[in-house]
Amino acid sequence: MKAEKRDIRAFTKQQLRDFFESQGDKAFRGNQVYEWLWQKSAHSFEDMTNISKATRQMLEDNFVINHIKVDQMQRSSDGTIKNAVRLHDGLTVESVLIPTPTRTTACVSSQVGCSLDCRFCATARLKRMRNLNPDEIYDQVVAIDNESRLYHDRPLSNIVFMGMGEPLMNYNNVLKAIDKITSPEGLGMSPKRITVSTSGVPKMIKKMADENVKFKLAVSLHSAIDEVRTSIMPFNATFPLKDLREALEYWYAKTKNRITYEYVVWEGINDTKKDVDALIKFCKFAPSKVNLIEYNPIDDGEFQQASSKAIDMYTSILEANNITVTIRRSRGKDIDAACGQLANKTQ
Ligand code: SAH
């Protein structure tokens with residue numbers, strides 16, 4: 001029986017070197033193939049033009065390259081691009097390119113669906129089907145970098161893990177992908193341009209702090225009152241705010257990195273002064289930035305964006321407490337590419 005072909009991008013460079021040596025070839029051939037796989041993002045062994053035909057055939061017989069395929073690309077009237085990305089097993093995720101006058105940001109997915117149950121998020125309705133592999137995350141970034149060069153005449157400048165899934169529930173693969181993205185043998189991007197966004201998994205935030213990671217952290221907070229947060233993000237009952245706060249204090253003590261909070265203000269849910277006061281109490285232990293995100297409706301009107309008066313109240317009280325506030329307007333709403341709208345609708 002013929003052995004099943006192996007995923008060549010699961011191999012480290014050293015493993016590829018060892019493999020070539022075991023075949024009676026030069027270890028250096030492993031470096032060449034590794035460069036094709038990552039730096040040059042080859043889609044097939046045929047692309048590897050400095051490798052002999054016989055060797056390419058041998059690779060073809062033994063391995064596969066599970067490259068993602070951009071099945072459909074949609075362009076919004078505001079320049080945002082959404083890719084529907086087909087994985088080797090037929091599942092789909094989405095990633096988004098968000099252009100501004102000065103930067104291009106890739107918003108990438110870390111899981112197919114999501115195991116969390118935020119009641120305002122379309123991805124939560126898909127359930128989690130599986131984790132993405134490091135190469136599947138890496139490929140999304142490469143695809144967006146190519147589109148940025150093609151449509152905006154510049155390379156990708158930033159990456160946010162704010163697509164489908166909870167990155168800290170696929171921690172090892174997300175970290176491996178970031179290693180490749182930041183390595184000179186991959187895309188060579190600075191980790192300072194990468195933000196990992198989490199709904200708040202305390203144990204993993206501490207682990208990241210211990211591992212001395214260099215990327216930025218964003219926390220989707222939405223409420224600093226347990227009762228309220230649990231009603232909109234039910235997993236908060238398992239990871240209550242006290243534990244989240246303790247993990248964030250640990251993160252800040254170790255990294256000295258400012259923490260960003262993502263926060264939507266909804267009418268009748270978290271739009272009172274009591275909510276703002278709780279937020280300030282929660283985040284004042286470290287330099288913080290609160291990103292007030294515009295709500296993107298996904299349902300029958302159960303959640304409503306709060307009035308501009310409520311947003312103004314948040315802004316003025318936060319600023320009076322020396323907390324930086326930004327208001328993030330939705331991008332790509334017309335193609336369901338905005339925060340919380342990724343739900344594989346184009347399938
Ligand atoms: N699971 C991670 C990564 C997803 S990021 C996290 O929660 O951080 C997606 C961001 O969009 C999160 O901040 C999320 O709370 C927010 N979001 C989800 N649904 C939304 C909606 N309908 N409108 C606006 N923001 C939404």
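Owing to the predicted nature of the structure, the values given are computational and were not obtained by experimental measurement. Hydrogens, waters and symmetry mates are skipped; everything else that's a heavy atom, side chains included, is used. Read the numbers this way: they start at 1 and go in the same order the structure lists the ligands and their atoms. Positions are given from 1, in the same order as the sequence printed here.
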Inset, instruction - Considering heavy atoms of the protein only, find what lies nearest to atom 10 (C) of ligand 1 and give residue, atom and distance to 0.1 Å. - result: Glu262 OE2, 3.9 Å
Legend entry - Gly165-ligand 1 polar pair, N/O distance under 3.5 Å: yes
Inset, instruction - Could you tell me whether Asp145 and Arg149 have a side-chain N and a carboxylate O separated by less than 4.0 Å? - result: yes
Inset, instruction - Indicate, as side chain, backbone, both or neither, the part of Met162 found under 4.0 angstrom from ligand 1 when only non-hydrogen atoms are considered. - result: both
Inset, instruction - May I ask whether Glu294 places a heavy atom under 4.0 Å from ligand 1? - result: yes
Legend entry - Side-chain ion pair, Arg245 and Glu249, N-O less than 4.0 Å: yes
Legend entry - Any Gly163 heavy atom less than 4.0 Å from ligand 1: yes
Inset, instruction - Determine yes or no for a side-chain-to-main-chain donor-acceptor pair under 3.5 angstrom, with Ser76 supplying the side chain and Asp334 the backbone. - result: no
Inset, instruction - Please report which non-hydrogen protein atom sits nearest to atom 18 (C) of ligand 1, along with the residue it belongs to and the distance in Å to one decimal place. - result: Gly340 CA, 3.5 Å
Inset, instruction - Compute the ring centroids of Phe161 and Phe215, then answer whether they are less than 6.0 Å apart. - result: no
Legend entry - NZ/NE/NH1/NH2 to OD/OE distance under 4.0 Å, Arg9 and Asp139: yes
Legend entry - Protein heavy-atom partner closest to atom 25 (N) of ligand 1 - residue, atom, separation in Å: Cys339 CB, 3.4 Å
Legend entry - Atoms of ligand 1, numbered as shown, that sit under 4.0 Å from any heavy atom of Cys121: 18 (C), 19 (N)
Legend entry - Close approach, Ala218 and ligand 1, non-hydrogen under 4.0 angstrom: no
Legend entry - Per atom 2 (C) of ligand 1, closest listed option by heavy atom (Gln305, Arg119, Glu166): Glu166
Legend entry - Contact (N/O only, under 3.5 Å) between Phe120 and ligand 1: yes
Legend entry - Check against salt bridge (Lys or Arg N to Asp or Glu O under 4.0 Å), Arg56 and Glu60: CA-CA 6 Å; Arg56 278 186 267 159; Glu60 185 75 52; over 6 Å; no
Inset, instruction - Using distance alone, decide if ligand 1 has a nitrogen or oxygen within less than 3.5 Å of any nitrogen or oxygen in Tyr295. - result: no
Inset, instruction - Please indicate whether Lys309 has more than 12 foreign heavy atoms, meaning atoms of other residues, nucleotides or ligands, lying under 6.0 Å from its NZ. - result: no
Inset, instruction - Apply the side chain to side chain donor-acceptor pair (under 3.5 Å) test between Thr104 and each candidate in Arg154, His152, Glu147; give the one that qualifies. - result: Arg154
Legend entry - Top protein contact for atom 15 (O) of ligand 1, by heavy-atom distance: His222 NE2, 2.6 Å
Inset, instruction - For atom 23 (N) of ligand 1, find the nearest protein heavy atom and state the residue, atom name and distance (0.1 Å precision). - result: Asn296 N, 3.0 Å
Inset, instruction - For ligand 1, note which part of Thr198 has a heavy atom under 4.0 Å away: side chain, backbone, both or neither. - result: backbone
Legend entry - Non-hydrogen atom of Met233 closer than 4.0 Å to ligand 1: no
Legend entry - Ser199 backbone acceptor or donor facing Glu166 side chain under 3.5 Å: yes
Legend entry - Nearest non-hydrogen protein atom, atom 6 (C) of ligand 1: Ser220 OG, 3.3 Å
Legend entry - Identity and separation of the nearest protein heavy atom to atom 7 (O) of ligand 1: Ser199 OG, 2.7 Å
Legend entry - Greater than 12 external heavy atoms within 6.0 Å of Arg328's CZ: yes
Legend entry - Sidechain N-carboxylate O distance under 4.0 Å for Asp89, Arg130: yes
